[in-house]
Amino acid sequence: MRGVRDGGMASLLALALLCLFYASYSVNGVLLKCFCDICPGDNYTCETDGYCFASTSLENGVITYARRCLDRRNWMPPEAPHFCNTKPGIYRSQASICCDKDLCNQNLYPVLLSPDTSELSSVSSDDDDATWVTWKMALTIALPICAICVIVMVIYHIHMTKKRPARHFPDDSLEAPDRPILGGVTIRDMLEMTTSGSGSVGLPLLVQRSIARQIQLVETIGKGRFGEVWRGRWRGENVAVKIFSSREERSWFREAEIYQTVMLRHDNILGFIAADNKDNGTWTQLWLITDYHEKGSLFDYLNRSTVDTNGMIRMALSIATGLAHLHMEIVGTQGKPAIAHRDLKSKNILVKTNGTCAIGDLGLAVRHDVITDTVDIQLNNRVGTKRYMAPEVLEETINMNHFDSFKRADVYALGLILWEIARRCNVGGIHDEYQLPFYDLVPSDPTIEEMRKVVCMDRQRPSIPNRWQSIEALQVMSKVMKECWYHNAAARLTALRIKKSLANYGAMEDLK
Ligand SMILES: Nc1ncnc2c1ncn2[C@@H]1O[C@H](COP(=O)(O)OP(=O)(O)OP(=O)(O)O)[C@@H](O)[C@H]1O
Ligand SMILES: *[C@@H]1O[C@H](CO)[C@@H](O)[C@H](O)[C@H]1NC(C)=O
Ligand SMILES: *[C@@H]1O[C@H](CO)[C@@H](O)[C@H](O)[C@H]1NC(C)=O
Ligand SMILES: *[C@@H]1O[C@H](CO)[C@@H](O)[C@H](O)[C@H]1NC(C)=O
Ligand SMILES: *[C@@H]1O[C@H](CO)[C@@H](O)[C@H](O)[C@H]1NC(C)=O
Ligand SMILES: [Mg+2]
């Protein structure tokens, strides 16, 4: 019994030490300014609550330098980011350095181990800070590992004496810092490893790059405004690769940034895997890698297939659930900001194999900054797809100082999408052919003027066939969609309300 009490004391002490140690790391409130090679719009600088970093990588004989911000939310593991630990001169294909003074990464070019040496070359940079940071990093890893070893031994001891389960500490905190990355694991494994309990931001940059560099492009599957979409293979898994040209760097960066918002991962939001830029000196290719869904977009799917009433409700519910998650603000350190999509349409929703959906194309999304009650980017007022624009967007009367305005415009678009789905609901062999909203009122690729005439002046909305009123599920759908596309934005349902209505109806059906 005494052994147990001593063990408890020791583990408390170790915990206290650990806490003290981390506390010293989280007190710097000011943002660090770093050099950023992919931020032309911000005069090649970025700001971070973490470190500045510089990396050098070698791929197919091409050397790429990257110098950017490494935000705390991208630290993996959070206490000692891998990315600060691929020490220069040790690996042949990857080296990176972190530092913590303003613009300290501007002239850092971490050296690779040259192919004909087997010995370690020394850190070469014109900045002594970098060496210091490397040391600090080494300490950051060594100390917690020691502490954790002690704790684990203590816990093991308690466990042996008292025969009770004692798994207080996650196993991956014991992970060796220099373990080669990507050894025989799947993307899902890695995401689970990095996202379990840590608020899910995505894979660390180095891992993202490694994945990107191992992908083989197989076939093009689509072309949008900002780039081409390919099906690619990574170790036998399908992935979707959206390739942006260097002119669309901002879109690429923004989309990757939004996907990596804390807590964004969700069943009904397209799963982000990695972003990478490949530069061969004259040409930059920007990749955005996500889950691949073989059924394609909702637009593709509805054009090809019909759904039954259950399938319709499940599909609609999944989209409303995804949108409600985007729109929701979650408070707390592991919270997420409210996000508005601004380009919701059937082409930007993907259909999964079980008929539920995931919302994609987050490149135009805006995040709500609660502290200043503003949106996190400069707005140009009319973005999105004209056909799906809410009346207040078409008329430019939307109040951009009020974040809810953007959510309400999303809900209007959701109403049109519900209509597209409902038309394809097959009851007793009867259904409508697939059509885009307003197919009968505006030409393909309509202008703002044409849309405004129909939506704002004539106040037209997609027509609801009489037959829908005799089928309960379609009745529910038509009621919801009408409440999504009111002219008065404030009167529209919220995504959460829609989700609840559809879920209630689905649950009622299940009971029958
Ligand atoms: N993750 C994915 N899995 C499977 N297919 C996809 C995926 N992402 C995109 N696609 C396919 O690629 C097409 C093009 O997508 P993209 O988002 O580039 O353009 P878009 O949505 O058609 O137009 P826009 O540029 O207006 O968004 C989609 O319509 C879809 O068919
Ligand atoms: C951009 O940065 C350079 C130095 O890096 C500075 O001389 C210049 O004034 C900056 N320009 C603007 C518009 O901030
Ligand atoms: C870089 O890639 C582009 C496009 O793939 C190609 O046209 C160009 O020749 C390449 N340049 C070099 C230096 O390899
Ligand atoms: C559909 O598949 C996802 C995983 O891709 C799963 O989480 C979800 O529960 C499934 N939904 C239904 C209704 O089967
Ligand atoms: C449905 O698909 C066909 C074949 O790809 C295409 O020609 C047609 O335009 C699509 N329907 C709509 C409404 O876009
Ligand atoms: Mg799209």
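Order of listing sets the numbers, starting from 1, for every ligand and every atom in it.
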**Q** Which heavy atom of the protein is the closest neighbour of atom 2 (O) of ligand 4, given with residue, atom name and distance?
**A** Asn354 ND2, 2.3 Å
**Q** Nearest non-hydrogen atom to atom 5 (O) of ligand 4 belongs to which of Arg314, Lys352, Met315, His293?
**A** Lys352
**Q** Is any N or O atom of Thr356, backbone or side chain, closer than 3.5 Å to an N or O atom of ligand 4?
**A** no
**Q** Would you say that more than 12 heavy atoms from the other residues, nucleotides or ligands in this model lie under 6.0 Å from the CD of Gln460, or not?
**A** yes
**Q** Quick one: nearest non-hydrogen protein atom to atom 4 (C) of ligand 5, plus distance?
**A** Asn303 ND2, 4.6 Å
**Q** Do Lys345 and Thr385 have side-chain N/O donor and acceptor atoms under 3.5 Å apart?
**A** yes
**Q** For the residue pair Asn277 / Arg209, report whether a side-chain donor-acceptor contact shorter than 3.5 Å exists.
**A** yes
**Q** Output yes when the distance from some N or O of ligand 5 to some N or O of Tyr434 is under 3.5 Å, and no in every other case.
**A** no
**Q** May I ask you to identify, for Phe299, whether its side chain, its backbone, both or neither come under 4.0 Å of ligand 5 on a heavy-atom basis?
**A** side chain
**Q** Would you call the rings of His266 and His325 parallel, tilted or perpendicular if under 30° counts as parallel and over 60° as perpendicular?
**A** parallel
**Q** Consider only side-chain N and O atoms of Arg367 and Thr261, and report whether a donor and an acceptor are under 3.5 Å apart.
**A** yes
**Q** Do you know which two heavy atoms are closest between His487 and Arg492, and how far apart they sit?
**A** O-NH2, 3.4 Å
**Q** So, for atom 9 (O) of ligand 5, does the protein have a heavy atom nearer than 4.0 Å?
**A** no
**Q** Answer yes or no: is the gap between the SG atoms of Cys52 and Cys69 smaller than 2.5 Å?
**A** no
**Q** For atom 6 (C) of ligand 4, which protein heavy atom lies nearest, and how many Å away is it?
**A** Asp267 OD2, 3.8 Å
**Q** Where the Mg ion (ligand 6) is the corner point, what angle links OD1 of Asn348 with OD1 of Asp361, to 10°?
**A** 100°
